[in-house]
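Per chain, numbering begins at 1; letters A, B, ... match sequence-line order. Not measured: the values here are computed from a predicted model.
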Amino acid sequence: MYALVDCNNFFVSCERTLDPELENKPVVVLSNNDGCVVSRSKEAKDLGIPMAAPAFKYKELFKEHDVKCFSAKFELYNFKSQQVIRIASSYVLEFETYSIDELFLNLTGFKYINMYDYCLEIKNKIKDNANIPVSIGIASTKTLCKVANRIVKEFPEKFNGVYILDTPEKIEKALKWLNIGDVWGIGRKLAVTMQDNGVFKAWDLLQKPEMWVRKVMGIHGIRMINELKGIRQLELDSPSPKKSIAVTRSFMEMLTEKEDVRERVETFGMYCSERLRKQNTCCKMVTVFVQTNRFRKDLPEYRKAITQILPNPTNSSILIGRVVNELFETIFKEGFHYKKAGVIVNDFVPEDQRLINLFEKDAQNQHLPVMKAMDAMNKKFGKDKVRLGSMSGENTFGRKQLSPEYEAFLKNNILPEANFRFH
DNA sequence: TCTGGGGTCCTAGGACCC
DNA sequence: TCTGGGGTCCTAGGACCC
């Protein structure tokens, strides 16, 4: 059996650890630029605030019900996440960190203990030591763990935070209850296709011919129906190096000056380079994109991305900056209001296993010591304290709703590096 | 006025090879 | 007139996840 430990409305719960007064009150956490709602307390959900709601559309509602709003603080969330992972994983031999607020535990071989009691103890320990409420779903496959977790969250007082989905009878009942759109792996598009074909509950999918599922969902579909039947298709993954790194931002205000946008994308290129060096890899490919505000139908729209394959793999901020700049020159067009831009690097090789093109100049090895020295100083003295001349060192996105408790938290804690796999 | 960011995987189609 | 078959690799785009 596997167990899925999932933190309840994680970012909000993190805010509550700083300020107990927030307990039992409607609370939301906002994305960059305080743009969208990315986490909601139960009380906020009950007010009808949907996930990813644009904050400005709900200002009145927030005011009316005294909803507490916070800008996202990823330093805090990473810190709390690692606490939760440390506690939960100490109970098992094998686990997988699935996201910032979820981990799978392998309970195989635990047949002589009561799994419900064991997981209840894990849940309570996390609450006592990290002050984060979690739900735990137990089942034979990852997909069924997700189902079990949904059941826990749907009926909190009934199951006390832990639910085991084990017998065929319980599974059938659960799948006849679960909407197809809530199955792990069914997104918005697929949910519509499913409903158009008479599939409304998870159970309905199992009644469809396999060929149909294969056609509509591809190979994912076959895996999914097996997992729902309790036939294990997905193992616990061990941590693996990233395959791509992206730094993208929306700007607080739309930018029209070429030099302003250039400064942004060059800075994003630097951050990509830093993160490459942190994992000791070089990239062979760089992508730059720019786009206007897609919500402003009154303004001309423009979005363009361009990718270049590098002559030699690198993680030098200077070399990547140079490429970013060239790519930017070819896609930037005057006369538009730019709202968002980004740099993505991929196709990685380890730093010490680069294959060098004999006919191309290769400055990577000259740059590397300087770059590493820069990284070391920034680690010691703070982000962007040492930087290249093309970076302004200023953020063009805002975080307004920070609290005094948070300032205190930052002062009192040495914050760990973010280290998560995203899916 | 104001609408996030960072990931993975799969597939179809084209280029190219023998 | 008649014009194969099978494989690999790459890329863009689309789906999904948190």
- prompt: According to a strict under-4.0 Å criterion, is A:Thr248 in side-chain N/O contact with OP1 or OP2 of B:dG6?
  reply: yes
task: Verify the ring-centre separation between A:Phe74 and A:Phe11: is it less than 6.0 angstrom?
output: yes
- prompt: Just to confirm, is there a sub-4.0 Å distance from OP1 or OP2 of B:dC9 to any side-chain nitrogen or oxygen of A:Lys243?
  reply: yes
- prompt: Of A:Asn293 and A:Arg275, whose nearest nucleotide on DNA chain B comes first from the 5' end?
  reply: A:Asn293
task: Measure the distance from CZ on A:Phe74 to P on C:dC18 and round it to the nearest whole Å.
output: 15 Å
d(CD1, A:Ile344; C1', C:dT11) in whole Å: 14 Å
message: Can you tell me which nucleotide in B:dC9, B:dT1, B:dG5 comes closest to the side chain of A:Ser250?
response: B:dG5
- prompt: Can you check whether A:Arg249 has a side-chain N or O nearer than 4.0 Å to OP1 or OP2 of B:dG6?
  reply: yes
query: Parallel, tilted or perpendicular: which fits the ring planes of A:Tyr338 and A:Phe336, with parallel below 30° and perpendicular above 60°?
result: perpendicular
field: Below 4.0 Å: OP1/OP2 of B:dT11 and any side-chain N or O of A:Arg214
entry: yes
task: Check whether any side-chain N or O of A:Lys80 sits under 3.5 Å from a backbone N or O of A:Ala130 as a donor-acceptor pair, and report yes or no.
output: yes
task: Could you tell me the separation between the CZ atom of A:Phe268 and the C1' atom of B:dG4, rounded to a whole number of Å?
output: 13 Å
task: With the side chain of A:Ile245 defined as its heavy atoms from C-beta on, choose the nearest nucleotide among B:dG7, C:dC18, B:dG4.
output: B:dG7
task: Establish, with yes or no, whether the OP1 or OP2 oxygen of B:dC2 is under 4.0 angstrom from a side-chain nitrogen or oxygen of A:Arg296.
output: yes
- prompt: With both distances under 3.5 angstrom, what nucleotide forms a Watson-Crick or G-U wobble pair with C:dG13?
  reply: B:dC10
task: Tell me which of A:Lys57 and A:His220 sits closer to the 5' end of DNA chain B, going by the nucleotide each one is nearest to.
output: A:Lys57
message: Measuring from the side chain of A:Ile309 (C-beta onward, heavy atoms only), which nucleotide among C:dC18, B:dT8, C:dT11 has the closest atom?
response: C:dT11
- prompt: In whole Å, what is the span from the CG atom of A:Asn32 to the P atom of B:dC2?
  reply: 16 Å
A:Ser244 side-chain N/O to B:dT8 phosphate OP1/OP2 under 4.0 Å: yes
- prompt: Please walk me through it: do A:Glu15 and A:Tyr77 pass side chain to side chain donor-acceptor pair (under 3.5 Å)?
  reply: CA-CA 9 Å; A:Glu15 298 294 339; A:Tyr77 310 150; 2.8 Å; yes
- prompt: What residue among A:Asn106, A:Ile122, A:Leu107 forms side chain to side chain contact (heavy atoms under 4.5 Å, CB included) with A:Val92?
  reply: A:Leu107
task: Provide, to the nearest angstrom, the distance between the CG atom belonging to A:Asp237 and the P atom belonging to B:dC9.
output: 8 Å
- prompt: Is the NZ or CZ atom of A:Lys170 positioned over A:Tyr163's six-membered ring, under 6.0 angstrom from the centre and within 45° of the axis?
  reply: yes
Whole-angstrom distance between C:dG4 and B:dC16, as gauged at atom C1': 16 Å
- request: Measure the distance from CD1 on A:Ile100 to P on B:dG6 and round it to the nearest whole Å.
  value: 13 Å
- request: Could you verify whether a donor N or O on one side chain and an acceptor N or O on the other, from A:Asn179 and A:Lys201, lie under 3.5 Å apart?
  value: yes
- line: The single option from A:Glu266, A:Arg322, A:Arg277 that satisfies side chain to side chain donor-acceptor pair (under 3.5 Å) with A:Ser317 is A:Arg277
query: A:Phe104: what forms a ring pair (Phe, Tyr, Trp, His ring centres under 6.0 Å) with it, not counting sequence neighbours?
result: A:Tyr98
message: Using the side-chain heavy atoms of A:Phe56, tell me which of these nucleotides is nearest: C:dC18, B:dT3, B:dC10.
response: B:dT3
- prompt: To the nearest Å, how far apart are A:Glu102 CD and C:dC16 C1'?
  reply: 14 Å
- prompt: Closer than 4.0 Å, any side-chain N/O of A:Lys146 to the OP1 or OP2 of C:dC18?
  reply: yes
field: Within residues 183-207 of chain A: residues closer than 4.0 Å to DNA chain C (heavy atoms)
entry: A:Val183, A:Trp184, A:Gly185, A:Ile186, A:Gly187, A:Arg188, A:Lys189, A:Leu190
message: Does B:dG4 have OP1 or OP2 under 4.0 Å away from a side-chain N or O of A:Asn33?
response: no
query: Within this structure, what is the CZ-to-P distance between A:Arg303 and C:dG13, rounded to whole angstrom?
result: 12 Å
message: Counting only side-chain nitrogens and oxygens, does A:Lys339 get under 4.0 Å of the OP1 or OP2 atom of B:dC2?
response: no
